[in-house]
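Structure first, then comments.
Reckoned from all heavy atoms, side chains included, excluding hydrogens, waters and symmetry mates. Index from 1, following the sequence. Read the numbers this way: they start at 1 and go in the same order the structure lists the ligands and their atoms. Source: prediction; values computed, not measured.
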Amino acid sequence: MNDILTRVASVIESRKIANGGDPQKSYVSSLFAKGDDAIMKKVGEEATETVMAAKDARNNMPKSKIVYECADLWFHSMILLAQFGLTPDDVLNELARREGISGIEEKASRKKTR
Ligand SMILES: N=c1c2ncn([C@@H]3O[C@H](COP(=O)(O)OP(=O)(O)OP(=O)(O)O)[C@@H](O)[C@H]3O)c2ncn1[C@@H]1O[C@H](COP(=O)(O)O)[C@@H](O)[C@H]1O
């Protein structure tokens, strides 16, 4: 796994309440303390903000906003993965599994098996 993903995933894991995370001192712990719904809501918000940043960039606003919002989205998605006992490696392995499989062919093969 990419080094920064590994380090951030490890910090996120350490912020779980069961691992001693303190919601008063840690943003990640405060989200874990709020639970599933709050984490899902944040992922939805960050996805929307990413789309808005892309729309702004189309209207000549700085492209850097897309990067900031995407970082927020990835970060909150990592908290969601951790909440469900998953890791960024699970996602990277899935991307690796899909490597070289055309999306169009994959969709067509799905239709054949229905
Ligand atoms: N990468 C991040 C990161 N990205 C974004 N955020 C926080 O995510 C929060 C939500 O972003 P928003 O733009 O929605 O801000 P907001 O409106 O204040 O949020 P809400 O109050 O509505 O939830 C902000 O407080 C950001 O600071 C992050 N907080 C932490 N990290 C990483 O997680 C580590 C652990 O953080 P703590 O658990 O806070 O110690 C840090 O060392 C960093 O490596």
List ligand 1's nitrogen or oxygen atoms that come under 3.5 Å of a protein nitrogen or oxygen, with the partner atom and distance.
unit_1, atom_1, unit_2, atom_2, d
ligand 1, 14 (O), Lys42, NZ, 2.6
ligand 1, 14 (O), Glu46, OE2, 3.2
ligand 1, 19 (O), Lys42, NZ, 3.4
ligand 1, 23 (O), Lys42, NZ, 3.2
ligand 1, 38 (O), Arg15, NE, 3.1
ligand 1, 38 (O), Ser26, OG, 2.5
ligand 1, 38 (O), Tyr27, N, 3.4
ligand 1, 38 (O), Val28, N, 3.1
ligand 1, 39 (O), Tyr27, N, 2.8
ligand 1, 40 (O), Arg15, NE, 3.3
ligand 1, 40 (O), Arg15, NH2, 2.9

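- Between Leu81 and Thr87 there is no side-chain heavy-atom pair separated by less than 4.5 Å.
- Residues passing the salt bridge (Lys or Arg N to Asp or Glu O under 4.0 Å) test with Glu46, sequence neighbours excluded: Lys42.
- For residues 11-40, the set of pairs meeting the ring pair (Phe, Tyr, Trp, His ring centres under 6.0 Å) definition, not counting sequence neighbours, comprises Tyr27-His76.
- In this structure, CD1 in Ile66 is found 9.0 Å from OG1 in Thr50, a value given to the nearest 0.5 Å.
- Within the 4.5 Å cutoff, side-chain heavy atoms of Met78 are placed close to those of Pro88.
- Partners of Arg98 according to the salt bridge (Lys or Arg N to Asp or Glu O under 4.0 Å) rule, which considers only residues two or more places apart in sequence or in another chain, are Glu94.
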